[in-house]
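Report on one structure; see the data block that follows.
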There are 2 protein chains.
Amino acid sequence: MINVKGKEHSCPIEVSMNLIAGKWKLLIMWHLLKKTRRFGELQKKITNVTQKMLTQQLRELEADGLVHREVYPIVPPKVEYSLTPFGRSFEPVLNMMIVWGYEYAKRFGEVSYDLSADIEPEYREVVAEKLKDNAQKTSPNETEQEKVTTSI
Amino acid sequence: MINVKGKEHSCPIEVSMNLIAGKWKLLIMWHLLKKTRRFGELQKKITNVTQKMLTQQLRELEADGLVHREVYPIVPPKVEYSLTPFGRSFEPVLNMMIVWGYEYAKRFGEVSYDLSADIEPEYREVVAEKLKDNAQKTSPNETEQEKVTTSI
DNA sequence: CGGTATCCTGTGAGATACTG
DNA sequence: CAGTATCTCACAGGATACCG
């Protein structure tokens with residue numbers, strides 16, 4: 001059993017899910033992983049996000065200890081967002097998700113985009129190997145099973 | 001640009017997010033990763049999920065090509081769910097999320113639970129190393145910056 | 001520039017009851 | 001056993017306007 005901020009979880013997966021649930025959070029963290037950015041910068045990078053949503057999701061990430069918000073008391077205002085040390089530890093997860101999403105899109109969608117520049121090879125290899133393994137494990141076992149019984 | 005089933009994505013992260021968004025999907029995949037399971041089995045494993053939600057999320061996973069649904073035409077009905085080859089390629093992502101969620105819970109919550117049994121050491125090491133790295137990178141740089149200007 | 005403050009809407013998700 | 005079929009509602013998320 002896991003308790004995080006008054007919420008019960010039966011598995012660490014739920015913890016992760018709760019932290020990254022939110023339409024823009026992963027995108028935000030992805031952009032902050034590269035460098036510290038100002039609010040307006042993020043808004044330009046993440047097309048389609050409204051000011052309200054960007055603010056809201058950034059505040060949630062901050063409250064969860066993943067993002068640091070630095071306010072410079074100047075005028076006009078300047079606010080910089082960066083990942084906390086723990087936020088940066090999310091990088092492997094994020095990289096895996098990117099690689100996996102990319103592989104999914106190659107298989108089930110159309111991609112006009114090359115991943116190689118963004119992601120270190122080691123992450124691609126992990127997923128690639130899993131896909132190879134599974135191809136082997138999917139042995140010739142399409143023998144149908146069409147029995148009909150009346151009990152268990 | 002990425003197009004998956006009529007939906008535009010600017011980044012593979014969004015693809016992954018769309019696939020795993022859903023309160024129970026990760027938990028379902030986690031249980032199916034170990035073995036093929038019947039509907040009722042899943043319902044017992046995943047406490048608190050309603051029949052309706054379990055059915056719904058399983059159908060979405062099936063439509064997305066991640067889960068295979070095998071119906072045995074017997075009475076009483078028997079339906080088995082398993083991961084497709086591609087669904088199984090999600091394992092590295094899932095493991096990373098579990099490790100990361102666990103580390104988060106250790107830091108920001110209370111855990112009465114040991115991970116070691118479930119997850120291969122390699123995954124734990126990746127996150128552990130990231131956390132070490134970040135500890136080093138967080139150098140003594142808490143010098144405040146309290147200037148006030150009237151222009152940029 | 002980087003926000004609040006409102007108002008509004010779609011839909012994810014729960015509860016409950018019924019069925020092949 | 002493994003589902004549908006309704007009904008309901010909270011809340012994530014969007015549009016728009018104003019502010020220090």
Side-chain angles (χ1 to χ4, degrees), chain A residues 7-9 14 17-28 31-32 36-64 67-82 145 147-152, chain B residues 7-9 14 17-28 31-32 36-64 67-82 145 147-152:
Chain A
K7 238 185 168 178
E8 290 294 338
H9 304 270
E14 300 180 56
M17 244 326 239
N18 277 331
L19 292 172
I20 65 173
K23 192 168 175 180
W24 310 102
K25 286 190 183 171
L26 292 180
L27 243 24
I28 290 170
H31 286 297
L32 292 184
T36 294
R37 292 183 196 274
R38 297 183 60 172
F39 185 88
E41 251 182 294
L42 283 171
Q43 205 176 357
K44 252 169 284 174
K45 287 270 176 194
I46 306 174
T47 329
N48 297 330
V49 73
T50 63
Q51 218 165 29
K52 175 199 161 188
M53 285 315 297
L54 185 54
T55 304
Q56 186 179 301
Q57 307 252 310
L58 279 166
R59 293 296 153 83
E60 288 178 22
L61 287 168
E62 191 192 0
D64 288 336
V67 159
H68 173 69
R69 179 171 181 258
E70 184 79 33
V71 181
Y72 297 86
I74 61 178
V75 43
K78 172 179 171 182
V79 181
E80 278 186 349
Y81 292 94
S82 58
Q145 188 167 354
K147 283 195 320 187
V148 176
T149 50
T150 32
S151 182
I152 296 179
Chain B
K7 239 186 167 178
E8 290 293 339
H9 304 271
E14 300 179 56
M17 243 327 237
N18 277 332
L19 292 171
I20 66 173
K23 192 168 177 180
W24 311 102
K25 285 190 183 171
L26 291 180
L27 243 25
I28 291 171
H31 286 296
L32 293 185
T36 294
R37 292 184 196 274
R38 297 184 59 172
F39 184 88
E41 248 181 297
L42 284 172
Q43 205 176 357
K44 253 169 285 175
K45 287 271 175 193
I46 306 174
T47 331
N48 298 329
V49 73
T50 62
Q51 220 165 29
K52 174 200 160 189
M53 285 315 296
L54 186 54
T55 304
Q56 185 180 301
Q57 306 252 310
L58 279 166
R59 293 295 153 84
E60 286 177 25
L61 288 169
E62 191 192 1
D64 288 336
V67 160
H68 172 70
R69 179 170 181 260
E70 184 78 33
V71 182
Y72 297 85
I74 61 178
V75 42
K78 172 180 171 180
V79 181
E80 278 186 348
Y81 292 94
S82 58
Q145 189 166 355
K147 284 196 319 192
V148 176
T149 51
T150 33
S151 180
I152 298 178

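Bear in mind that the values here come from a model prediction, so they are computed numbers and not experimental data. Computation of the quantities below employed the complete heavy-atom set of this structure, encompassing side-chain atoms and omitting hydrogens, waters and symmetry-equivalent molecules. Reminder, nothing fancy here: chain letters follow the sequence lines and each chain counts from 1.
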Inset, instruction - Hey, could you give me the CG/NZ distance between A:Asn18 and B:Lys23, rounded to the nearest 0.5 Å? - result: 8.5 Å
Legend entry - Interatomic distance, B:Leu54 CG vs D:dA2 C1' [rounded to whole Å]: 10 Å
Legend entry - Partners meeting side-chain hydrogen bond (donor to acceptor under 3.5 Å, both in side chains) with B:Gln56 (sequence neighbours left out): none
Legend entry - Rounded distance in Å - CZ (A:Phe39) to C1' (D:dC19): 15 Å
Inset, instruction - With rounding to the nearest 0.5 Å, note down the distance linking CD in B:Gln43 to CE in B:Met53. - result: 12.5 Å
Legend entry - Distance, rounded to the nearest Å, where A:Leu58 contributes CG and C:dT4 contributes P: 11 Å
Inset, instruction - May I have the distance from B:Lys78 (atom NZ) to D:dG3 (atom C1'), rounded to whole angstrom? - result: 17 Å
Inset, instruction - Could you check how far CE of A:Met53 sits from P of C:dG3, rounded to whole Å? - result: 15 Å
Legend entry - Passing option when A:Tyr81 is tested against A:Arg37, A:Glu41, A:Arg69 for side chain to side chain donor-acceptor pair (under 3.5 Å): A:Arg69
Inset, instruction - Would you kindly give the CG-to-C1' distance between B:Leu26 and C:dG12, to the nearest whole Å? - result: 16 Å
Legend entry - Nearest atoms (heavy-atom pairs only) where B:Thr36 meets B:Ser82: OG1-CB, 3.3 Å
Inset, instruction - Quick one: closest heavy-atom pair of B:Met17 and A:Leu26, and the distance? - result: CG-CD1, 3.3 Å
Legend entry - Nearest atoms (heavy-atom pairs only) where B:Val71 meets B:Pro73: O-CD, 3.6 Å
Inset, instruction - Write down the distance between CD (B:Glu41) and P (D:dA2), rounded to a whole number of angstrom. - result: 9 Å
Inset, instruction - Work out how much the helix from C:dC1-D:dG20 to C:dG20-D:dC1 bends between its end axes, five pairs an end, to the nearest 10 degrees. - result: 60°
Inset, instruction - Examine distances only and state if a side-chain atom of B:Glu14 and a backbone atom of B:His9 form a donor-acceptor pair shorter than 3.5 Å. - result: no
Inset, instruction - Scan B:Gln57 against the nucleic acid and name what it touches under 4.0 Å (heavy atoms): base, sugar-phosphate only, or nothing. - result: sugar-phosphate
Legend entry - Atom pair CG (B:Leu42) and CD (B:Gln51), whose distance is rounded to the nearest 0.5 Å: 12.0 Å
Inset, instruction - Identify, with sequence neighbours excluded, every residue that meets side-chain hydrogen bond (donor to acceptor under 3.5 Å, both in side chains) alongside B:Glu62. - result: none
Legend entry - B:Val49 versus B:Leu54, closest heavy-atom pair with distance: CG2-N, 3.8 Å
Inset, instruction - Go through C:dA13, D:dG14, D:dG3 for me and flag the one nearest to the A:Trp24 side chain. - result: D:dG14
Inset, instruction - Ignoring backbone atoms, establish whether B:Arg69 has a side-chain N or O less than 4.0 Å from OP1 or OP2 of D:dG3. - result: yes
Inset, instruction - Drop me the distance from B:Ile20's CD1 to B:Asp64's CG, to the nearest 0.5 angstrom. - result: 11.5 Å
Inset, instruction - Give, for atom CH2 of A:Trp24 and atom CG of A:Leu58, the distance between the pair rounded to the nearest 0.5 Å. - result: 12.5 Å
Legend entry - Exceeds 12 heavy-atom contacts within 6.0 angstrom, atom NZ of B:Lys45: no
Legend entry - Shortest non-hydrogen contact between B:Leu61 and B:Ile28, atoms and distance: CD1-CG2, 3.9 Å
Could you list, one pair per line, each protein nitrogen or oxygen that sits under 3.5 Å from a nitrogen or oxygen of nucleotides 5-7 of chain D, together with the distance?
none

Legend entry - Phosphate OP1/OP2 of C:dG2: any A:Arg59 side-chain N/O under 4.0 Å: no
Legend entry - Whole-Å distance separating the CG atom of B:Leu42 from the C1' atom of D:dA2: 12 Å
Inset, instruction - Report the residue (A:Pro77 or A:Ala21) whose heavy-atom-nearest nucleotide on DNA chain D is the more 5′ of the two. - result: A:Ala21
Legend entry - Contact under 4.0 Å: B:Tyr81 side-chain N or O vs D:dG3 OP1/OP2: yes
So which protein nitrogen or oxygen atoms get under 3.5 Å of nucleotides 8-10 of chain C's nitrogens or oxygens?
none

Inset, instruction - Mind listing the residues from residues 43-51 of chain B sitting with a heavy atom below 4.0 Å of DNA chain C? Number order is fine. - result: B:Thr50
Inset, instruction - Using only side-chain N and O atoms of B:Arg38, determine if any of them is under 4.0 Å from OP1 or OP2 of D:dC1. - result: no
